[in-house]
Amino acid sequence: MTSHHMPLPFRPFQLIGRTVLGGLREIGHIASFSGRVITACVTPVIYPREVVRQCIKIGFYSLPVIGLTAVFIGAALALNIYTGGARFNAEQFVPNIVVLGITRELGPVLVGLMLAGRVSAGIAAEIGAMRVTEQIDALLTLSAKPERYLYAPRVIAGIATLPILVLVADIIGVLGGWLVAVGALNFNGALYLRNTWSFVTGNDIWSGLIKAAVFGGIISLMGCYQGDRSKGGAGGVGRAATLAVVGAAVLILASNYILTSIFVRIGL
Amino acid sequence: MTDFSARPILELKNIHKAFGPKQVLRGVDITVAPGKSLVIIGGSGTGKSVTIKCALGLLKPDQGEVRFDGELVSTRKTLDTIRRRTGMLFQGGALFDSLSVWENVSFALLYRDRVGRGEAKKRAIETLAKVRLPASAADLRIAELSGGMQKRAALARAIIANPDLIFFDEPTTGLDPITADAVNNLIVEQVKALGAATVTITHDMASVRKIADEVAMLHEGSIIWRGPVADLDKSGNAYVEQFVHGRAEGPIQPAI
């Protein structure tokens with residue numbers, strides 16, 4: 001029965017049913033695609049030259065944007081904590097809370113969200129353009145599997161470089177907080193750094209790096225998935241880039257909550 | 001004259017393919033003898049590219065079978081075999097713009113056959129010379145090549161592994177008549193040198209007359225005429241005559 005013939009009272013149910021089924025189908029597609037790509041990441045043949053090329057594209061070229069993001073976040077965080085802490089005479093905790101907030105939460109999440117925009121969209125647009133210009137068909141005719149040659153190197157590079165970028169963001173973010181604390185809030189520079197160093201634990205840093213690795217995988221996978229499915233010329237490529245950014249951002253925030261819950265439970 | 005006694009290098013039997021409600025192929029039958037050149041003509045949207053993609057396993061037919069050198073192409077392994085023994089020149093070239101010209105040309109050697117980069121580059125430059133591209137073009141990026149040079153580079157990629165069968169999808173589209181003729185000459189010359197069979201789809205009647213041994217006309221998803229290129233002007237088929245002479249009037253309705 002077509003929607004045209006469906007009695008009016010049942011149309012909302014039809015709409016809900018169609019939406020739910022569409023959503024489930026999409027989840028199935030993403031799961032199947034991810035399974036194939038992750039298998040390609042952990043089984044031979046892996047193309048090291050492509051992995052290195054993608055590490056440079058994803059990691060090295062993201063350093064400026066990550067540095068700028070981290071320094072401003074660290075600075076704003078220090079100001080906010082100082083202002084909030086002043087309400088109950090706790091200004092001295094600025095270095096402790098800045099380093100905790102950056103290493104555990106803001107570093108990985110903001111780096112992840114920035115790269116969802118920069119990297120995921122870039123991958124989706126690149127793969128999408130390859131799809132619509134038959135370059136992926138050409139790969140297949142040359143006996144090269146896109147999962148191995150195109151997608152696995154990007155996912156490996158995403159997983160490998162995000163923790164490094166987050167580590168850089170942690171350091172720059174703390175320095176951003178230090179700049180504001182010393183320059184505007186009259187903190188002693190050496191004392192600030194000593195407090196930061198003595199407060200932060202290995203678990204704080206590791207939990208952020210584990211999150212970063214997961215976010216790196218999500219960012220690359222969503223870019224590859226949406227690019228692979230794109231069709232219909234320039235409009236399709238643009239749509240793929242948009243969907244990749246939105247999908248990666250939502251999955252980063254959702255997985256951040258899940259990972260944080262797990263870390264709290266296991267005491268990491 | 002085509003040698004019909006030889007075992008076909010490629011056989012498509014009763015191929016059907018639909019995209020949603022749109023039935024594109026309705027029982028396509030094609031055979032290509034070793035070393036022979038079949039050109040498929042037909043209007044836009046009649047299923048020519050879909051036919052080639054079914055033959056190469058890029059699309060899975062809904063019905064029918066593909067045989068390569070007598071072997072049914074049904075598994076990943078047989079598909080791999082056919083791809084190792086075939087070359088393909090895509091309509092837009094489909095060259096990888098992140099790689100240099102020589103890396104594109106020798107892609108199958110580098111990534112499939114695991115040939116060393118030095119040896120692969122040497123063979124790429126030799127193959128570029130066969131398609132009249134200078135060695136200095138080897139290190140250029142794809143964006144630095146003209147349309148004609150890109151077609152030549154794509155041809156070099158299609159022939160570098162000495163295939164038994166080469167597919168050409170609109171090899172002269174977008175080229176000026178002189179460059180198109182030069183590309184046609186290269187195709188004929190290189191295919192003859194390799195002794196490969198070819199399947200070409202094109203609208204360009206000059207290309208058809210230059211490169212075809214046989215011509216097949218695809219209309220509404222079926223082969224409606226097939227014969228030697230010499231019979232093209234005396235086919236006795238109204239569809240073929242309209243297409244060959246490029247007339248708007250006739251049984252084929254223009255797609256506008």
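Keep in mind that the numbers below use all heavy atoms, side chains included, and drop hydrogens, waters and symmetry copies. Residue numbers begin at 1 in each chain, while the letters A, B, ... track the order of the sequences.
A:Arg53 approaches B:Ser98 most closely through the heavy-atom pair NH1-O, 3.3 Å. Residue A:Glu134 comes nearest to B:Gln91 through the heavy atom pair OE1-N, 4.1 Å, listed as atom of the first residue, atom of the second, then distance. Looking at every heavy atom in both residues, A:Gln135 comes nearest to B:Phe96 through O-CE2, 3.2 Å.
Residue A:Lys57 does not touch chain B at all, counting heavy-atom pairs closer than 4.5 Å. With a threshold of 4.5 angstrom between heavy atoms, A:Arg148 does not approach chain B through any atom at all. With a threshold of 4.5 angstrom between heavy atoms, A:Ile136 does not approach chain B through any atom at all. Of the two parts of A:Thr141, the backbone and the side chain both hold a non-hydrogen atom closer than 4.5 Å to a non-hydrogen atom of chain B. Using a 4.5 Å cut-off between heavy atoms, B:Arg84 contacts chain A through both its backbone and its side chain.
By the 30° and 60° cut-offs, the orientation of the rings of A:Tyr149 relative to B:Tyr111 is perpendicular.
Rounding to the nearest 0.5 angstrom, the gap separating the CD1 atom in B:Ile52 from the CG atom in A:Asp137 is 11.5 Å.
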**OP:** Given side chain to side chain contact (heavy atoms under 4.5 Å, CB included), test B:Phe107 with A:Leu139 step by step and report yes or no.
**Re:** CA-CA 9 Å; B:Phe107 190 93; A:Leu139 272 180; 3.3 Å; yes
**OP:** With side chain to side chain contact (heavy atoms under 4.5 Å, CB included) as the test, would you mind laying out the steps for B:Met88 and A:Leu142 before giving the verdict?
**Re:** CA-CA 9 Å; B:Met88 169 85 187; A:Leu142 294 163; over 6 Å; no
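In terms of heavy-atom pairs under 4.5 angstrom with chain A, the leader among B:Thr86, B:Asp97, B:Ile82 is B:Asp97. Note on B:Asp169, B:Leu99, B:Leu79: by heavy-atom pairs under 4.5 Å with chain A, the leading option is B:Leu99.
A 6.0 Å sphere centred on CZ of A:Arg239 holds no more than 12 heavy atoms belonging to other residues, nucleotides or ligands. Within 6.0 Å of the CZ atom in A:Phe72, the count of heavy atoms belonging to other residues, nucleotides or ligands does not exceed 12. Residue A:Phe13 qualifies as open at atom CZ: its count of foreign heavy atoms under 6.0 Å is 12 or below.
Look at A:Arg49 and B:Glu103 and you find no salt bridge, because none of the NZ, NE, NH1 or NH2 atoms lies under 4.0 Å from a carboxylate O.
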